[in-house]
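Just so we're on the same page: letters track the sequence lines, and every chain starts at 1.
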2 protein chains.
Amino acid sequence: MLIDTSLHHLDISHIRSSCATCSLRELCLPVGLNDQEIQVLGDVVSHKRKIQRGGYLHRSGSQFQSLFAIRSGFLKTCVLEEDGRQQVTGFHMTGELLGLDAISTDTHTCDAIALEDSEVCEIPFAKLEEISRTIPSLMRHFHKIMSREIVRDHGVMLLLGSMKAEERLASFLLNLSRRFLMRGYSESEFNLRMTREEIGSYLGLKLETVSRAFSKLQDENIITVDNKHIQINDIARLRLKMGNSSCIT
Amino acid sequence: MLIDTSLHHLDISHIRSSCATCSLRELCLPVGLNDQEIQVLGDVVSHKRKIQRGGYLHRSGSQFQSLFAIRSGFLKTCVLEEDGRQQVTGFHMTGELLGLDAISTDTHTCDAIALEDSEVCEIPFAKLEEISRTIPSLMRHFHKIMSREIVRDHGVMLLLGSMKAEERLASFLLNLSRRFLMRGYSESEFNLRMTREEIGSYLGLKLETVSRAFSKLQDENIITVDNKHIQINDIARLRLKMGNSSCIT
DNA sequence: TGTTAATTTTGATTCAGATCAATTAAAGCG
DNA sequence: CGCTTTAATTGATCTGAATCAAAATTAACA
């Protein structure tokens, strides 16, 4: 099966450009730009914003003006169901771009909530479109970012449509692992920022099922779970877990 | 719940521009362009291609050069799993744009297969990017199309993550209904182009479950099913079916 | 720091959908 | 046109995850 281990994020693995505007350095946008172009982009991306844990970056239904590039922290995006419960559509970390869904109708289609104190750069979209006309490589890169989001969503669709609980959790952990690795953190040991319920909501599972899947993976010595702290003991076997959804049953 | 009834397509409901290049008239791209701009776009979109029922428009892994706008027909996109079975990621009809997922890596990430004889316009992506630099409204519209695809995918993710079989099928039928209506066909009566297995693959269900869900909806007099021919008798109740996923159980 | 609230784990039970199996219907095709 | 293949329906049974329930652990905060 061709499921992407990276579920739902925007890749920054290839960020290499040295960049005068410090706020831009760690973001996904300035890839491959020269100093002068980064200057132009920097003028657009100047405005920063802090969001406390639990705070909203934007709400579903609010007017769309800007994309947000995460400078630090960790956020979830979710839609509120009419009965008050919420469905998580993604988890987002440093370097990733939020708000792509809002371009279509100039209205945000989901809430973005900080799971820890976070900092974002606001990128007025009209200005981004404008300068991307004069910087082809920026336009091209932006298109790739949007496209990548589509590919990732297809990966999640596949996961939700065809994997069972344990496989979904394995995919999820491997995805986080990879994203932490890309950012220079340990791929085998990290702290979850979200609750079991939020994981379950994202993976289409109930929180009890998530908890049981964690316990099962621990019993098999593939991971060690201490509440939010996760240690991956055998990444190869974890990959096997999710890779054989339709083979081993 | 905020699930979009439109699962997975690119909206052409607002196509109004009178257009010299006949091949462009029914497509989603030329929205809001003047005649001169349409001329420019037309030069890019000239190349047409026919695909027979069962034929491939593109294959997963093949190099990306062009987007494809569907002029007529009906296609599915799917990824092949290692065991040979395939997972359907979308159904696509006239006016919709295929290939957005391939922009990210310059490689197609899925197969596109015609479910009936179809005709597409090839749109070399490099050229599209180039002329969109000089036609801001085209660029803006293209971004909206990509964004809409992301929103739709989120809708499918929600569907797969939180709806049960009957609700999924109701969503699916309402989505098709709306897309047929937009194209000037009946919203209450249409022929399915895909098999129960393909529907199941798309909805994360087994074909038997799809069949049973059809039968159930028919027993309730909400729809009438005659193999591939579907008649929606009570669209309001069908909407109710999918709207109350978490309320009525 | 102690008290309350939220989160997590684990067990028992239930149920929706998968799987297995057989029949019927439709579509290709020589 | 009849024969073969593919697709669809329906029934019986099984199973993975949901649900219900309770205890244990952790976090929040006054």
Side-chain angles (χ1 to χ4, degrees), chain A residues 52-54 76 83 85-88 115-117 159-170 172 191-219 223-230 241-242 244-249, chain B residues 52-54 76 83 85-88 115-117 159-170 172 191-219 223-230 241-242 244-249:
Chain A
Q52 279 196 315
R53 185 169 187 281
K76 68 172 175 182
D83 59 8
R85 276 187 53 257
Q86 59 186 16
Q87 165 94 18
V88 174
L115 295 180
E116 61 181 37
D117 291 355
L159 172 142
L160 292 171
S162 70
M163 284 185 168
K164 25 179 123 48
E166 220 185 331
E167 299 164 343
R168 294 184 197 189
L169 187 65
F172 176 72
N191 282 295
L192 299 173
R193 270 75 169 184
M194 70 297 280
T195 67
R196 303 288 190 262
E197 188 168 22
E198 287 165 332
I199 296 172
S201 177
Y202 180 61
L203 295 179
L205 301 169
K206 292 294 157 184
L207 69 97
E208 296 95 326
T209 307
V210 174
S211 179
R212 275 183 245 272
F214 270 122
S215 300
K216 180 108 185 295
L217 289 175
Q218 184 166 45
D219 290 348
I223 63 174
T224 305
V225 185
D226 179 14
N227 197 17
K228 292 248 160 71
H229 183 84
I230 303 293
K241 276 278 166 202
M242 66 135 254
N244 299 98
S245 56
S246 42
C247 305
I248 298 169
T249 304
Chain B
Q52 280 197 315
R53 183 170 189 280
K76 68 173 175 181
D83 58 10
R85 275 188 53 258
Q86 60 186 16
Q87 165 94 14
V88 174
L115 294 180
E116 61 181 38
D117 290 356
L159 172 143
L160 292 171
S162 70
M163 284 184 167
K164 25 178 124 44
E166 220 185 331
E167 300 165 342
R168 293 185 199 190
L169 187 64
F172 176 72
N191 282 295
L192 299 173
R193 270 74 170 185
M194 69 297 279
T195 67
R196 303 288 190 261
E197 188 168 22
E198 287 164 333
I199 295 172
S201 177
Y202 181 60
L203 296 179
L205 300 169
K206 291 294 157 184
L207 70 96
E208 295 96 327
T209 307
V210 173
S211 180
R212 276 183 245 271
F214 270 121
S215 300
K216 180 108 186 295
L217 290 174
Q218 184 166 47
D219 290 347
I223 63 174
T224 305
V225 186
D226 179 16
N227 199 16
K228 293 247 162 70
H229 184 82
I230 303 293
K241 275 279 167 204
M242 66 134 252
N244 300 98
S245 57
S246 42
C247 303
I248 298 168
T249 305

How about B:Thr224 and B:Gln218: do any of their side-chain heavy atoms sit closer than 4.5 Å? yes
Between A:Ala165 and B:Met194, just flag the one whose closest nucleotide in DNA chain D comes earlier from the 5' side. B:Met194
Shortest non-hydrogen separation from A:Lys241 to A:Ala170 and the atoms involved: CB-CB, 3.9 Å
Atom of B:Leu192, atom of B:Arg196 and distance for their closest heavy-atom approach: CD1-NH1, 3.8 Å
Select base, sugar-phosphate, or nothing to describe what A:Leu207 touches, counting heavy atoms under 4.0 Å on all strands. base
Rounding to the nearest 10°, end axes of the helix from C:dT1-D:dA30 to C:dG30-D:dC1 built from five pairs each make an angle of 50°
How many Å lie between CG on B:Asp219 and P on D:dT10, as a whole number? 8 Å
So what does A:Thr195 touch, heavy atoms closer than 4.0 Å: a base, only the sugar-phosphate, or nothing? sugar-phosphate
Using a 4.0 Å heavy-atom cut-off, does A:Gly204 contact any base of the nucleic acid, only the sugar-phosphate backbone, or nothing at all? sugar-phosphate
For B:Met194 and B:Lys228, the nearest pair of non-hydrogen atoms, with its separation, is O-CE, 3.1 Å
Between C:dA18, C:dT9, D:dT19, which nucleotide has the shortest distance from any of its atoms to the side chain of A:Ser211? C:dT9
Closest contact, heavy atoms only, A:Asn227 versus A:Val225: O-CG1, 3.6 Å
Would you say that B:Leu169 contacts B:Leu203 through its side chain, given a criterion of any heavy-atom pair below 4.5 Å between the two side chains? yes
Rounded distance (nearest 0.5 Å) linking atom CD1 of B:Ile199 with atom OG of B:Ser211: 10.0 Å
Describe the nucleic acid contact of A:Gly54 in one word from base, sugar-phosphate, nothing, applying a heavy-atom distance below 4.0 Å. nothing
Please examine the side chains of B:Phe172 and B:Leu159, heavy atoms only from C-beta on, and report whether any two atoms are closer than 4.5 Å. no
Closest heavy-atom pair and its distance - A:Arg193, A:Leu115: O-CB, 3.9 Å
Any side-chain N or O of B:Lys206 under 4.0 Å from OP1/OP2 of C:dT19? yes
All N/O pairs under 3.5 Å across the protein-nucleotides 20-30 of chain C interface:
| residue | atom | partner | partner atom | Å |
| --- | --- | --- | --- | --- |
| C:dC20 | N4 | B:Glu208 | OE2 | 3.3 |

